[in-house]
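Naming convention: chains lettered A, B, ... in sequence-line order (proteins, then strands); numbering from 1 in each chain. Remember, predicted model here, so these are calculated numbers, not experimental data.
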There are 2 protein chains.
Amino acid sequence: MNIGTASEKSGLPAKTIRYYEDIGLLRPDRADNGYRDYSMSDVHRLRFLQRSRSLGFSVEECRQLLSLYGDKERESADVKALAETKLTEIDRKLAELTELRNTLRHLVHNCHGDSRPDCPIIDGLSGRVTQ
Amino acid sequence: MNIGTASEKSGLPAKTIRYYEDIGLLRPDRADNGYRDYSMSDVHRLRFLQRSRSLGFSVEECRQLLSLYGDKERESADVKALAETKLTEIDRKLAELTELRNTLRHLVHNCHGDSRPDCPIIDGLSGRVTQ
DNA sequence: ATAAAGCTTCCAGTAACTGGAAGTTCAAGG
DNA sequence: CCTTGAACTTCCAGTTACTGGAAGCTTTAT
């Protein structure tokens with residue numbers, strides 16, 4: 001499929017997809033006319049990149065995570081260690097995101113129509129800070 | 001407190017904190033010696049920035065979210081609408097992050113020691129793709 | 001008193017896109 | 001068959017969000 005279709009399916013702009021190719025994150029085929037030709041497997045990689053980038057992982061982290069996806073020696077110890085490191089990171093992000101959501105939800109439900117600007121729950125937006 | 005302390009408490013490098021001041025995300029006091037002087041409220045803002053940036057929100061989105069925090073007209077309709085938009089976004093991120101974690105966990109637990117490289121659950125890494 | 005650590009500004013460099021120009025190829029309508 | 005517009009190509013420049021380093025001032029610790 002052409003880059004436009006891959007863009008639609010992955011949720012990434014065509015520009016970004018070409019950029020990811022430049023930095024070696026994927027290698028789509030080329031059709032006879034010179035157009036890039038994406039397989040479903042390419043689209044999976046792209047969709048994965050879209051997701052993990054939007055969740056705050058760096059491109060280099062994504063490259064590592066993709067190695068889990070593509071690595072033929074997936075049972076090796078360091079690949080497993082990498083996955084576990086990332087799992088811990090994801091769990092931390094999940095906790096932070098949950099906290100952020102709860103606070104925002106409180107803000108929407110409890111502060112609506114209240115004209116006092118010193119609503120104390122707002123402090124929760126910043127999470128716990130070590131004093 | 002000095003920038004070093006604020007850096008420790010917020011989890012942001014001093015460089016980044018100065019940068020956030022440059023682009024108008026906070027305005028710490030200055031001590032007589034010219035050093036920046038951060039209040040606990042500044043640290044809350046910084047911690048909030050640290051969290052939301054690491055979760056994939058852009059600086060401009062963070063600026064908006066901070067307006068929820070600081071806006072004295074917090075009961076206005078558009079501020080509430082903004083909070084609700086962000087809530088939806090956060091819920092989507094939560095779902096994606098959860099999926100990513102589950103797949104990765106599967107990968108770690110089910111594929112360890114298995115030398116077959118075509119483990120089908122790996123496909124889950126990229127999430128559902130519209131065919 | 002002096003050295004090291006921490007602060008200041010400023011300027012340059014990097015990461016990860018993003019926009020636009022200039023040209024080629026394809027799909028649809030006349 | 002011709003043309004016109006959308007989609008594709010490469011290349012280069014610009015933007016966002018930092019990040020590193022120089023040069024110099026202030027504070028803290030021996």
Classify every nucleotide of nucleotides 10-21 of chain C by which part a protein heavy atom approaches to under 4.0 Å, writing B for the base, S for the sugar-phosphate alone and - for neither, in 5'-to-3' order. B-----BBSBB-
[X] side chain: which of [options] is closest?
X     : options              : value
A:R18 : C:dG6, C:dT25, D:dT9 : D:dT9
A:N2  : C:dT9, D:dC8, C:dC26 : D:dC8
A:R30 : C:dG6, D:dT9, C:dT8  : D:dT9

Look at A:R36 and D:dT9 and indicate whether a side-chain polar atom (N or O) is within less than 4.0 Å of OP1 or OP2. yes
Non-hydrogen side-chain atoms of A:R45 and A:Y20 separated by less than 4.5 Å: no
Side-chain contact, heavy-atom cut-off 4.5 Å: B:F48 with B:L65? yes
Can you measure [X] atom [atom1] to [N] atom [atom2] for me and round it to whole angstrom units?
X     : N      : atom1 : atom2 : value
B:I17 : D:dA17 : CD1   : C1'   : 15 Å
A:D29 : D:dT9  : CG    : P     : 13 Å
A:D37 : C:dC26 : CG    : P     : 13 Å
B:Y35 : D:dT28 : OH    : P     : 8 Å
B:L25 : D:dT16 : CG    : P     : 13 Å

Return the 5'-most residue of the pair B:N33, A:G34 with respect to DNA chain D, ranking by each residue's nearest nucleotide. A:G34
For B:R30, does the CZ atom have more than 12 heavy-atom neighbours from other residues, nucleotides or ligands under 6.0 Å away? yes
Using side-chain contact (heavy atoms from CB on, under 4.5 Å) as the criterion, point out the one residue from B:N2, B:T5, B:L26, B:D29 that pairs with B:Y38. B:L26
Applying salt bridge (charged side-chain N to carboxylate O under 4.0 Å, His left out), which residue pairs with at least one partner in residues 32-43 of chain A are found, sequence neighbours left out? A:E21-A:R36
Less than 4.0 angstrom from a charged side-chain N to a carboxylate O is my criterion; do A:K93 and A:E96 meet it? no
